[in-house]
Amino acid sequence: MSRCGAVLAILAVAAAGDDPCTLLPHPTTAELLPAPANASAHAAWLASLIAFRETCLASVGWPGNSTVWEALRWTRTSFVQPQMHPYDRGFYDPKRGYTVDAWLDGLEARYGGIDSALVWPTYTNIGIDERSQFDYVLAMPGGAAALANVSAALHARGVRALWPYNPWDTGTRRDAYGRSDAAILAALDVDTGFDGFNGDTMTTVPEAFYDASVEAGRPGAVEPEVGGDAAELAWGTLGWGYWAQTMGEPSPEAPPVDRWKWLDRRRLTHVCNRWAKDHADDLQFAWFNADGFEAWENVWGVWNGLTPRDAEALRRVATMLRFFGARDLTWASGWVPHAPVGGAGVYASLWPTATEALWTLVGRGAAAATARVDVSGRVPEGGRVYDCYGGAELDVKGGAVEVAVEAGGFGCVWATEADGRDFLATMAAMTTRPLGDYGASWVAAKQTRAPTPATTPTDDVERGMTRVPSAVFRYRVAGVQIEAFPDQNGVDVQFPWEPAPTRSHDQLVTVDAFDVDTYPVTNADYDVYLAESGYLPENAYNWLRTWAHPRNDSAFHRAASAKPAPPPGAGKRPVVHVGLEEARAYCAHRGKRLPTDAEWQYAAQGLDGRAYPWGDADDASRRPPLVDDAAACPPRSDVDAYPSGASPFGVLDMAGNVWQYTDEFFDDHTRGALLRGSANYRPGASTWYFPRALRNDQHNKYFLMDASYERASTIGFRCARAAPADDRGAAADCVPGAGALCLRLHPPAAFVDFDGAAAWIHCGLAGTACDRKAKATANLTHVSGEATSQFTNNPSAFSWTGGEPTKKTANTTNGVFATAGSLARLEATAPEGSVGELTVFAGAYYAAADFTVSAGGESRAIPVAAPDGLQTVAFTVKFTGTLATSWTLTDAFPSTDAPNINFQAAALKLA
């Protein structure tokens, strides 16, 4: 079809009443325009695109000369933008404050730096109480004044800053002055020196938002998360593009065309793919369209870091985009997408001006290719043609040049008379190493659980505390966070027994005896603590907000001037509006600590796996009523208001009144506290608010920054401390003396190397002979047990050869099992002056069993229950003298298979 014919066809559709801006649809998304069917169809396809642009812009009355584009000229070259959280440990340190330069230095080192930052302090924490999205901004340490310094530091490095706007946030506290969201955002930009906002979940941003920024005297960029529309080009210069996600997997070979940039070349899209672990497509699509990239790595506190290959590709693409953006080439009015080039799997866009021309090429094929680019009529008189990716001059032969493009890589051809020697030298040095040499494997960020402070046990149980006996406890819990990787890895936390963070956790753990506060800490308790300790925070913002402050300190980012007074009649309510470190400090003052997440759950659940502290079914009479539709959070109930909600141990107020701090986890980028118990309040109007976790087998993760940001009207705490060892086990970290025992349970490794063992036994390789493959010494012997059978499918594998351990995997998952009686009847001896450490690998299948050890007249036992199938375990016992062990079946659970216990191996170390 000719250009004239294409225009007539599109005008005919418009005359029929259809919106001409929705024509030429991409098969999967309105954000894109389809590629031509093939090279021979390019001329007609390009004519249809030009006709589409003319009729669409005419339909919205867009002349293309809005002053918006000059006021926001910086957005045209805002190529690399990370969405980031201000609580990122590289951006803020509680001791040093904001570390903007160090954060920027890190990004420059890893992938070449950024042009703007989307600073996101709201979701996922928003909704834990009544604070609005704007409250979260102002709660950041130092408030607006400190944030103005942050933006100044960013601007000094050439980086612009945007806030998020969450239009779904309509259920939290409303503005005290009755201002519209548009007016509040404009005022935030003025007060903090920021440069605009990203419209979360928004397809378009209404013009009123831009107008409000102009009226406030600081024109701000608006960036809808999802697409855009043609009318918005009059005030919207940025947007996001979830292109690879919307096109499905695998992405098509021919790159798509950015619909909104085609309508106005100055409009920049940040190509976004938040959960992707491979950004090769995203970066190629961005380069092909001379668009930007959303370098989003801290995704709601989950670290989805760029692989080395993606980081290096971004460095190269961004370097080229910035250079050519500064020359106005990345929005050249004569843009020709899918400009014809030779080379299998190579695609190009042409960006010509009156004096030079740029081709942005991508290699979409499975193999490297040589692209042939026709530069005839594009080389200015006296000009030259360069490989602007490799940094070398090209020979023009027959009006064309040839340039190599890696598989999955990038190419660049530049015809110019300009002197670009410095840029070309930079690219030459940068591209010496092929992209394919960089690692493309994604690795989850390792999380660490903060150490649990040691406390001194007391024989007597303190008034107001409850003693919880030691046990082997099935710790089965899942995080309730809204978003995660499709495979659920990365989100929530990583316990020491887990290879990576994951949403769900299921592990037998040894919980040593401990004392726990029967109720959460109350206002009355905290008032006594303040009087005793003299504690006054350096930043009192939001601290004890409902208390009476002599100078209204909690409304300002300044030091508290004097001790506040609790609200009258609220002494028995849980204290709230305290940060994690403030809760820890209170507990330490009392000789206690916060409970671990496992301790908290065990105290609430006992050993029967109940869903709620009182039983298996929710019962509204045993907890405060749920509140979902109030913008103001109601006061917390008295901690003793629901005595029928007690746990099996008599611990109270564990569901529906107040969230409670437990463990802290951190990686290199974020810190988060696991919260338990859940408040009854959750704002209405949106499912994006912080989810409740009322059940015993649920927790939520609350991201940490500093006390002013963390203090919430629904978060409290209770304290715990170690109790003396009882007869159900001993402390996991004890060091045995003469005749003493130390027994603990832990998860078995998937592969066990007996390296360093003085003696070891592996069972089941020939019938039931456990010493079939053993490093035989007098220090470890196997005593015959009950009748056993052999199995071959245990999750753990062991290694040996010729009586000495070495890595070998064949026939190493064997073991023996019994449906009655005892297994793992071992005798071990630690020579005088040494300590033995015996590890036994065993399991239970729809059965309950006791692992018993005895030495020097002392005994210890750990019970294990596996009601839902196979539970593999490892026991480690430290001892002196001679030790005897047994693994005895005590009960059976309903099953179509015969319940049993198994024994696989044992290893003895001597120290």
Side-chain angles (χ1 to χ4, degrees), residues 94-95 97 128-131 135 138-146 173 176 453 455 462-465 517-594 632-641 653 657-661 673 679 702 704-721:
K95 294 181 179 178
I128 197 168
D129 63 359
E130 73 277 18
R131 284 175 295 169
D135 292 327
L138 297 177
M140 288 167 59
R173 180 166 54 206
T455 54
E462 180 182 313
R463 182 178 179 182
M465 300 192 81
D517 288 344
T518 306
Y519 303 102
V521 175
T522 64
N523 284 324
D525 296 330
Y526 204 79
D527 190 44
V528 172
Y529 158 70
L530 293 180
E532 292 176 352
S533 68
Y535 171 70
L536 294 173
E538 294 182 5
N539 185 342
Y541 189 81
N542 249 5
W543 180 56
L544 304 175
R545 194 175 185 92
T546 61
W547 292 36
H549 292 261
R551 294 180 55 231
N552 198 25
D553 290 328
S554 68
F556 300 96
H557 287 273
R558 67 188 185 200
S561 59
K563 175 184 172 297
K572 293 170 70 175
R573 294 177 187 164
V575 67
V576 292
H577 286 122
V578 292
L580 175 64
E581 293 303 327
E582 290 169 324
R584 286 172 169 163
Y586 172 93
C587 292
H589 182 77
R590 299 292 186 212
K592 307 176 189 179
R593 55 170 173 79
L594 293 174
C633 181
R636 306 297 86 209
S637 299
D638 287 355
V639 296
D640 60 357
D653 216 29
N657 192 22
V658 65
W659 290 99
Q660 298 166 40
Y661 290 118
Y702 186 64
L704 305 169
M705 186 175 186
D706 215 336
S708 67
Y709 179 81
E710 297 159 13
R711 295 167 182 145
S713 64
T714 58
I715 303 180
F717 64 100
R718 68 178 78 223
C719 304
R721 70 170 161 225

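- Counting only heavy atoms from C-beta outward, the side chains of Val575 and Trp547 approach each other to under 4.5 Å.
- With sequence neighbours excluded, the residues that form a side chain to side chain donor-acceptor pair (under 3.5 Å) with Gln660 are Trp600, Arg718.
- Distance check: Asn542 CG to His577 NE2 gives 5.0 Å after rounding to the nearest 0.5 Å.
- Checked against salt bridge (charged side-chain N to carboxylate O under 4.0 Å, His left out), Arg593 has the following partners two or more places apart in sequence or in another chain: Glu599.
- The line from OG1 of Thr518 to CZ of Arg463 is 11.0 Å long, rounded to the nearest 0.5 Å.
- Ser708 places a side-chain N or O within donor-acceptor distance of the main-chain N or O of Ala139, the cut-off being under 3.5 Å.
- Residues satisfying the salt bridge (charged side-chain N to carboxylate O under 4.0 Å, His left out) criterion with Arg636, sequence neighbours excluded, are absent altogether.
- Qualifying side chain to side chain donor-acceptor pair (under 3.5 Å) partners for Trp543, counting only residues two or more places apart in sequence or in other chains: none.
- Nearest heavy-atom pair, Cys633 versus Thr714, reported as atom, atom and distance to 0.1 Å: SG-CG2, 3.6 Å.
- Within the 3.5 Å criterion, the main-chain N or O of Ala560 finds no donor-acceptor partner in the side chain of His549.
- Put simply, the side chain of Tyr661 does not reach to within 4.5 Å of the side chain of Arg584, judged on heavy atoms.
- Taking Thr546 as the reference, nothing meets the side chain to side chain donor-acceptor pair (under 3.5 Å) condition, with sequence neighbours excluded.
- Residue pairs that meet the ring pair (Phe, Tyr, Trp, His ring centres under 6.0 Å) test with at least one member in residues 553-572, sequence neighbours left out, are Tyr541-His557.
- The backbone N or O of Ala524 lies less than 3.5 Å from no partner atom in the side chain of Asp527, so there is not a single donor-acceptor pair.
- Between the side chain of Ser554 and the backbone N or O of Ala540 there is no donor-acceptor pair closer than 3.5 Å.
- In this structure, Asp517 CG and Met465 CE are separated by 4.5 Å, a value rounded to the nearest 0.5 Å.
- The disulfide bond (SG atoms under 2.5 Å apart) analysis of residues 563-592, with sequence neighbours excluded, yields the pairs Cys587-Cys719.
- Residues passing the side chain to side chain donor-acceptor pair (under 3.5 Å) test with Glu532, sequence neighbours excluded: His589, Arg590.
- Scanning all heavy atoms of the two residues, the minimum distance from Asn539 to Gly142 falls at ND2-N, 3.8 Å.
- How far CD of Glu582 is from CD of Glu710: 8.5 Å, rounded to the nearest 0.5 Å.
- Contact between Ala562 and Asp553 at its shortest, heavy atoms only, is N-OD2, 4.0 Å.
- In plain terms, the two heavy atoms of Ala583 and Leu594 that are nearest each other are CB-CD2, 4.3 Å.
- Side-chain atoms of Arg545 and Arg711, non-hydrogen and from C-beta on, never get closer than 4.5 Å to each other.
- Annotation: salt bridge (charged side-chain N to carboxylate O under 4.0 Å, His left out) contacts of Arg131 (sequence neighbours excluded): Asp129.
- Residue pairs meeting the disulfide bond (SG atoms under 2.5 Å apart) criterion with at least one partner in residues 524-576, sequence neighbours excluded, do not occur; the list is empty.
- The salt bridge (charged side-chain N to carboxylate O under 4.0 Å, His left out) check on Glu462 picks up Lys592, Arg721, with sequence neighbours excluded.
- Contact detail for Gly716 and Val576: the closest heavy-atom pair is N-CG1, 4.4 Å.
- For the atom pair CG (Asp653) and NZ (Lys572), the distance works out to 11.5 Å, reported to the nearest 0.5 Å.
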* Might you work through the side-chain contact (heavy atoms from CB on, under 4.5 Å) test for Ile128 and Ile715, ending with a clear yes or no? => CA-CA 8 Å; Ile128 197 168; Ile715 303 180; 3.5 Å; yes
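- Considering only residues two or more places apart in sequence or on other chains, Tyr586 meets the ring pair (Phe, Tyr, Trp, His ring centres under 6.0 Å) condition with Tyr526, Tyr529, Phe717.
- In this structure, Asn523 contributes its side chain and Pro566 its backbone to no donor-acceptor pair below 3.5 Å.
- Nearest heavy atoms, Pro564 versus Leu530: CD-CD1, 4.3 Å.
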